[in-house]
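So the structure is just underneath, and the comments pick up after that.
Proteins get letters first, then strands, A, B, ... in listed order; numbering begins at 1 in each. Model, not experiment: these values are computed from the prediction.
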2 protein chains.
Amino acid sequence: MQPPENQADLTFRLTRAIREYQNASDIMDEAFTALLGINRTDGRCLDIIDLHGHPTAGQLAAESGLTTGTVTAVVDRLEKAGYVRRRRDPGDRRKVVVEATETAQELGTLVFDEVGRLGQALMGRMTPEQLLIVIRFLEVGNRMSREMAALLSKHVPSGASSPEDRRERARAFHREQKAMVRRLEASFGPR
Amino acid sequence: MQPPENQADLTFRLTRAIREYQNASDIMDEAFTALLGINRTDGRCLDIIDLHGHPTAGQLAAESGLTTGTVTAVVDRLEKAGYVRRRRDPGDRRKVVVEATETAQELGTLVFDEVGRLGQALMGRMTPEQLLIVIRFLEVGNRMSREMAALLSKHVPSGASSPEDRRERARAFHREQKAMVRRLEASFGPR
DNA sequence: ATATTTATCTTGAAATGCGAGATATTTGAT
DNA sequence: ATCAAATATCTCGCATTTCAAGATAAATAT
């Protein structure tokens with residue numbers, strides 16, 4: 001019985017699976033995007049629209065990291081392709097609400113509902129305890145990433161910047177990060 | 001004790017955590033990309049370069065879904081920014097091998113090593129059995145996604161296509177997908 | 001009532017990506 | 001050994017996408 005080595009192997013294997021998860025879902029999204037005949041950015045925005053229900057153009061811009069001008073063009077293209085429509089928000093007529101059409105939803109269902117069913121089948125074979133283990137792992141990981149990203153954003157230069165400045169900023173982030181890591185690690189409880 | 005409802009809640013919660021995982025890691029990548037002062041595509045390619053060690057330009061094109069001409073421009077920009085360098089493959093002088101510079105690696109380490117440490121700390125608090133549950137879940141999910149994506153790619157039109165054609169293709173995919181789902185579900189074993 | 005802020009769209013210019021083709025290298029056939 | 005065919009990357013003209021400044025309309029604050 002060699003728990004230390006076994007643990008290390010499993011840790012490595014899990015790290016790898018996590019990293020590959022991102023890649024696998026990217027590939028699926030790309031294929032869907034290609035099926036719809038839209039470009040990568042438009043596909044990303046359509047996913048955001050689906051995930052958020054019916055965001056305003058501004059919300060879409062914020063979520064996607066694109067400028068509002070670009071979002072106008074994205075929505076124009078998606079509207080032309082028949083995948084979204086615009087609606088004025090009745091409570092604030094400055095705002096344009098963007099929603100997915102029935103066409104987009106139908107295609108999404110055709111492509112993703114069986115994946116979803118398969119996922120349900122997989123989860124259906126797991127005990128509540130097992131589900132909770134995975135849930136906790138992912139939820140903690142999500143929280144870690146979000147907090148780290150928020151902190152890192154504070155160190156991003158607002159305009160042009162030299163390589164030396166970037167390195168200094170990365171160092172400053174690293175120092176603050178260590179404090180955050182200590183706090184988060186403490187929240188994990190005893191080892 | 002209500003196992004059916006509890007199970008459904010947990011399943012929903014896990015589905016949600018999975019979907020949010022993708023978003024969380026995207027946000028972290030975006031922040032890193034912004035710190036480096038490179039655009040989204042260049043950041044994506046730098047990630048591929050890091051993940052694959054030192055891909056050839058052609059491999060980078062295949063992984064990224066970009067044309068080789070575009071990859072040349074991407075590598076030009078990354079090289080100019082000091083994050084990658086080109087090297088001729090001594091065994092085949094047609095091939096250009098692209099590798100990350102020490103600068104890129106240093107910045108990557110500054111930004112990601114503590115996240116990695118935190119991940120290790122989280123995993124260090126889990127038993128081998130718990131690790132295995134998460135590993136299996138992710139590895140099965142990764143396999144599902146990859147196989148689905150490969151099948152879906154076969155239904156992507158090779159050029160311009162009408163909305164009706166896209167719908168038909170999605171339907172055809174759906175039918176073949178069901179057979180695949182049955183096979184994959186059978187591989188999960190008894191419920 | 002007026003000034004200020006907010007939300008989206010327009011526009012000119014810059015950046016990015018595609019696709020055809022050029023160039024160099026390697027592989028396969030004779 | 002020689003030549004044809006295939007492979008790998010880069011070049012180039014053009015198309016598409018994105019940015020940033022500014023315009024317009026609507027909502028909020030004074």
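Judged by atom type and distance alone, B:Arg94 reaches the base of D:dT7 through a side-chain donor-acceptor pair under 3.5 Å.
Regarding A:Arg77, its CZ atom lies at a distance of 14 Å from the P atom of C:dC9, rounded to whole Å. If you measure from atom CD1 of B:Ile38 to atom C1' of C:dT16, you get 14 Å, rounded to the nearest angstrom. Across the protein-nucleic acid pair, B:Asp92 atom CG and C:dG28 atom P stand 12 Å apart, rounded to whole Å. Rounded to whole angstrom, the span from the CD atom of A:Gln59 across to the P atom of C:dA7 amounts to 9 Å. Here the P atom of nucleotide D:dA8 and the CG atom of B:Leu66 are 18 Å apart, to the nearest Å. Going from atom CG of A:Asp76 over to atom P of C:dT11 covers 12 Å, rounded to whole Å. Atom CD in B:Glu79 sits roughly 14 Å away from atom P in D:dT9 (whole-Å rounding). Following rounding to the nearest Å, A:Arg44 (CZ) and D:dT17 (P) show an atom-to-atom distance of 14 Å.
The shortest side-chain heavy-atom distance between B:Asp42 and B:Asn39 falls under the 4.5 Å cut-off.
Considering only side-chain N and O atoms, B:Thr70 lies under 4.0 angstrom from the phosphate OP1 or OP2 of C:dC18. Within the structure, every side-chain polar atom (N or O) of A:Thr56 is placed at least 4.0 Å from both OP1 and OP2 of C:dA7.
At a threshold of 4.0 angstrom between heavy atoms, the contacts of B:Gly69 include nucleobase atoms, whether or not backbone atoms are also involved. Nucleic acid contact class of B:Arg86 (heavy atoms, under 4.0 Å, all strands): sugar-phosphate only.
Mapping A:Asp89 and A:Gly65 onto DNA chain D by nearest heavy atom places A:Gly65 at the nucleotide closer to the 5' end.
Checking side-chain atoms of B:Thr101 against main-chain N and O of B:Gly82 turns up a donor-acceptor pair under 3.5 Å.
For A:Thr72, taking side-chain heavy atoms from C-beta onward, the closest of the listed nucleotides C:dC9, D:dC19, D:dT9 is C:dC9. Nearest nucleotide to the side chain of A:Asn39, out of D:dT17, C:dT8, D:dC10: D:dT17. Considering only the side chain of B:Thr67, C:dG19 comes nearest among C:dG19, D:dA27, C:dT8. Candidate nucleotides D:dT9, C:dC9, C:dG17 were compared by shortest atom distance to the side chain of A:Ala57, and C:dC9 ranks first.
Interatomic distance, OH of B:Tyr83 versus CD of B:Glu102, reported as 14.0 Å (0.5 Å rounding).
Salt bridge status for B:Glu147 with B:Arg183: present, with a side-chain N to carboxylate O gap under 4.0 Å.
Residue A:Arg93 qualifies as open at atom CZ: its count of foreign heavy atoms under 6.0 Å is 12 or below.
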